[in-house]
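First the structure, in the form of structure tokens, and then the observations on it.
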Amino acid sequence: MSIIELSDQEIQRRETLSKIREMGIDPYPAALYPVDNFSADIKADFEEGKTVCIAGRIMSKRIMGKASFAELQDSKGRIQVYFNRDELCPGEDKTLYNEVFKKMLDLGDFIGVKGKLFKTQVGEPSIDVQEFSILSKSLKPLPLPKTDAEGKVHDAFTDPELRYRQRYADLVVNPHVKDVFVKRTKLFNAMRSFFNEAGYMEVETPILQPIPGGAAARPFITQHNALDIPLYMRIANELYLKRLIVGGFDGVYEFSKNFRNEGMDRTHNPEFTAMEIYVAYKDYNWMMDFTERLLEHCAIAVNGTTKATFGEHEIDFKAPYKRVTMRDAILEFTGFDISGKSEKEIYDAAKAMGIDVDETMGKGKLIDEIFGEKCEGNYIQPTFIIDYPKEMSPLCKTHRDNPELTERFELMVCGKEIANAYSELNDPIDQRERFEDQLKLSERGDDEAMFIDQDFLRALEYGMPPTSGLGIGMDRLIMFLTNNQSIQEVLFFPQMKPEKFGEKKGPELSEQEKEVFTILEKSGTMNLNDLKEKSGLSNKQWDKTIKGLRAHDVVNVEKTENELIISVK
RNA sequence: GAUUCCGUAGCUCAGCUGGUAGAGCAAUACACUUUUAAUGUAUGGGCCCUGGGUUCGAAUCCCAGCGGGAUCACCA
């Protein structure tokens with residue numbers, strides 16, 4: 001990597017760092033710091049005169065001669081700290097206050113303070129500092145927003161690119177961003193405890209798989225050297241969890257990082273988190289009850305209420321949710337009844353609705369297109385859409401009352417799918433046929449390779465109890481619960497194109513600048529126009545070069561009466 | 001993939017019909033003992049995303065590229 005150009009402030013901080021060392025202070029001490037309190041707890045449970053010891057980053061400094069205020073930010077928030085010169089330095093030597101505190105501490109530095117609690121004249125809970133230690137020096141200034149008296153934030157660090165690339169800085173300066181991730185973890189914990197209390201078991205299944213299954217999506221491929229085989233990164237964990245049901249577990253669940261090699265936008269990241277749960281001896285009706293109770297529980301755990309705001313919508317996760325069959329949904333929004341219709345009739349109906357469909361689409365796909373186009377967006381409040389066409393659901397049991405349908409539901413919120421569940425198909429012969437149909441279907445139209453997972457079929461042949469399974473897109477769900485329109489906002493480190501480092505030009509002269517300088521050096525002083533001619537550069541290049549040379553302060557340009565004279569400095 | 005907008009100081013953003021780059025905050029120095037967007041005075045700080053073109057002259061106009069946002073399309 002070439003020379004990194006440091007900004008003025010970064011250089012200053014490095015100089016301060018050396019000064020701190022010269023004073024015999026270690027800017028990165030090894031010893032633990034005996035923290036015994038947190039900012040938020042101190043404020044919530046304020047006790048005048050109590051001695052506390054806390055640590056964090058300095059986020060603001062207000063120096064007023066012999067006394068100063070600063071704000072310390074720890075993991076729970078901020079608290080004001082008060083530094084008084086004569087309390088901090090009771091003797092003659094005022095270095096600790098005048099030099100170390102006032103000059104060596106920058107915003108962003110970690111310090112630890114010990115002191116007594118008090119309230120200022122304006123009533124702000126504060127710590128009167130008796131001792132402080134530098135815990136870690138910060139060499140790069142934080143992008144610090146300021147909040148004014150009316151609570152308005154100025155200079156907010158808002159550029160999404162910078163925020164995502166430097167999430168660490170985003171988290172330090174944007175407390176609302178940190179909140180999103182605190183809520184994300186609360187959601188996972190709430191779900192986990194709900195399942196555990198129901199008696200189900202959290203498990204782990206392979207992420208590197210010889211056959212990517214359980215969904216139709218383009219996988220990432222990698223190579224295992226020792227086995228010399230390709231391995232695929234998981235696109236779903238469904239088939240593995242069902243194997244465990246075959247193995248005799250009553251209920252298993254997994255939070256699974258899935259990887260799909262497809263487009264990226266504000267609702268798709270190449271890696272995302274799904275939760276899948278499979279419960280033996282249940283069907284999709286039971287699963288609907290379970291899902292609505294689960295989501296109500298999670299919404300309360302995350303936000304303290306079943307209500308959530310998403311954009312312009314106010315949604316309520318309070319159970320129970322409306323249940324609408326796909327047939328009724330389409331009937332309601334298009335007036336068309338799909339029941340008993342042939343592929344041709346549905347195709348024509350879709351065309352008539354102005355939906356972009358083609359011959360490669362089977363009946364199921366056509367119905368899905370109609371639903372996606374005309375119905376989906378209308379379901380704002382949590383709604384179960386039930387009984388999907390068979391063709392779209394190769395892992396789902398045929399409906400007990402209608403052989404064209406499956407026992408499947410999706411949960412829609414704000415027009416988007418956040419959960420998908422089945423009465424799982426456990427007839428091994430049917431399952432094999434469905435896989436084969438799927439294979440044919442994929443050969444008919446698209447480029448996605450399909451595999452038949454023979455081992456999964458073997459497992460089913462041993463027998464799987466009737467089972468219901470549910471998958472929830474965790475990222476989507478947390479978007480709804482935190483009112484974020486983009487998945488990048490709910491992932492700590494969303495995928496981005498790699499950043500380029502170290503490509504900045506150093507302080508040296510460029511090739512062109514060197515050439516021109518060499519020509520000039522021979523005579524020492526020249527007419528500017530002569531030099532331009534000799535250089536043979538275009539106007540643009542000439543301009544850039546001469547400006548560069550002046551910026552490097554190696555040449556002088558003087559104006560006489562009628563010409564410009566350039567000379568070596 | 002298509003359309004569109006954006007890229008200027010550490011941060012947030014101005015910069016007109018082309019004429020040597022601006023503000024606030026942050027930084028530096030000084031003053032100031034309960035402030036809170038502390039205040040006052042002074043100072044420093046820029047490959048104006050990159051490359052090419054037009055022009056006497058480009059942050060500004062044109063072309064290409066890179067990066068990002070938004071919308072749409074694709075996506076069981």
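Proteins come first, then strands; the chains are lettered A, B, ... in the order of their sequence lines, and each starts at number 1.
With hydrogens and angles left out, the side-chain atoms of A:Arg78 and A:Gln73 include a donor and acceptor closer than 3.5 Å. Side-chain N/O atoms of A:Ser18 and A:Glu15 include no donor and acceptor closer than 3.5 Å. A side-chain donor-acceptor contact under 3.5 Å links A:Tyr82 and A:Asn84.
Judged by the 6.0 Å and 45° rule, A:Lys363 forms no cation-pi pair with A:Tyr347. Both tests pass for A:Arg408 against the ring of A:Tyr388: distance under 6.0 Å to the centre and angle within 45° of the axis. A:Lys102 forms no cation-pi arrangement with A:Tyr97, by the criterion of a distance under 6.0 Å to the ring centre and an angle within 45° of the ring axis.
Note: CZ (A:Phe83) to P (B:rU33) measures 17 Å, nearest angstrom. In this structure, the CD atom of A:Gln488 is 7 Å from the P atom of B:rA70, given to the nearest Å. Whole-Å rounding puts the A:Gln80 CD to B:rA37 P distance at 11 Å. In this entry the distance linking CD of A:Glu369 with C1' of B:rC74 reads 11 Å, nearest Å. Taking atom CZ of residue A:Arg163 and atom C1' of nucleotide B:rG69, one finds them 12 Å apart after rounding to whole Å. Here the P atom of nucleotide B:rC74 and the CZ atom of A:Arg218 are 14 Å apart, to the nearest Å. Protein atom CZ of A:Arg14 is 17 Å distant from nucleotide atom P of B:rA27, rounded to whole Å. A:Lys116 has its NZ atom 20 Å from the P atom of B:rU34, to the nearest Å.
Distance noted for atom P between B:rG18 and B:rG65: 25 Å (whole Å). B:rG46 and B:rG22 have their C1' atoms separated by 11 Å, with the value rounded to a whole Å. Atom name P, nucleotides B:rC61 and B:rU8: the rounded distance is 15 Å, in whole Å. With both ends at atom C1', the span from B:rA58 to B:rC62 equals 11 Å, rounded to whole Å. Spacing between B:rA27 and B:rU54 at atom P, rounded to whole Å, works out to 46 Å. Across B:rU28 and B:rG10, the matching P atoms stand 15 Å from one another, rounded to whole Å. Atom P of B:rU20 sits at a distance of 36 Å from the matching atom of B:rA38, rounded to the whole Å. For B:rC13 and B:rC66, the C1' atoms lie 23 Å apart once the distance is rounded to whole Å.
Listed for the A:Arg13 side chain is a donor-acceptor partner under 3.5 Å among the backbone atoms of A:Ser138. In this structure a side-chain-to-backbone donor-acceptor pair under 3.5 Å is missing from A:Asn174 to A:His176.
Judged by closest nucleotide on RNA chain B, A:Thr120 is the one of A:Arg266 and A:Thr120 placed further toward the 5' end. Remark on RNA chain B: of its neighbouring residues A:Met496 and A:Thr267, the 5'-side contact belongs to A:Met496, judged by nearest-heavy-atom nucleotide.
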How does protein contact run along nucleotides 2-14 of chain B, one letter per nucleotide 5' to 3', with B for base contact, S for sugar-phosphate only, - for none, heavy atoms under 4.0 Å? --------BBB--

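Taking the six-membered ring where the residue is Trp, A:Phe371 and A:Tyr379 present parallel rings, their angle staying beneath 30° rather than reaching 60°.
Across B:rA29, B:rU33, B:rG67, the shortest atom-to-atom separation from the side chain of A:Lys103 is found for B:rA29.
Among the atoms of the strands shown, only primed sugar atoms or phosphate atoms (P, OP1, OP2) are found under 4.0 Å from some heavy atom of A:Arg165. Heavy atoms of A:Asp368 sit nowhere under 4.0 angstrom from any nucleic acid atom. Counting any heavy atom pair closer than 4.0 Å across all strands shown, A:Tyr388 reaches no nucleic acid atom. Nucleic acid contact for A:Asn420: none, since no nucleic acid atom lies under 4.0 Å from a heavy atom of the residue. Residue-level contact check: A:Val122 touches the bases, meaning some heavy atom is under 4.0 Å from a base atom. Within 4.0 Å (heavy atoms only), A:Gly214 reaches at least one base atom of the nucleic acid.
B:rA31 is paired with B:rU39 under the Watson-Crick or G-U wobble criterion, all donor-acceptor distances under 3.5 Å. Taking a pair to require two hydrogen-bonding distances under 3.5 Å in either a Watson-Crick or a G-U wobble arrangement, B:rA73 remains unpaired. Summarising the base pairing, B:rU50 is matched to B:rA64 through a Watson-Crick or G-U wobble pair whose two defining distances lie under 3.5 Å. When Watson-Crick and G-U wobble pairs are counted only if both distances are under 3.5 Å, B:rG57 pairs with no nucleotide at all. Using Watson-Crick or G-U wobble geometry with both donor-acceptor distances under 3.5 Å, B:rU17 finds no partner in any strand shown. In this entry B:rG24 has B:rC11 as its Watson-Crick or G-U wobble partner, both defining distances falling under 3.5 Å.
The phosphate of B:rU36 (OP1 or OP2) has no side-chain N or O of A:Lys119 nearer than 4.0 angstrom.
Side-chain contact between A:Asp387 and A:Met326 is absent, with no heavy-atom pair separated by less than 4.5 Å. Annotation: side chain of A:Glu161 is in contact with side chain of A:Met496 (closest heavy-atom distance under 4.5 Å). Side-chain contact between A:Glu238 and A:Glu424 is present, with at least one heavy-atom pair separated by less than 4.5 Å.
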Which atoms of nucleotides 38-43 of chain B (N or O only) lie under 3.5 Å from a protein N or O atom, and what are those distances?
{"residue": "B:rA38", "atom": "OP1", "partner": "A:Lys146", "partner atom": "NZ", "Å": "2.9"}
{"residue": "B:rA38", "atom": "OP2", "partner": "A:Arg62", "partner atom": "NH1", "Å": "2.9"}
{"residue": "B:rA38", "atom": "N6", "partner": "A:Ile63", "partner atom": "O", "Å": "2.7"}

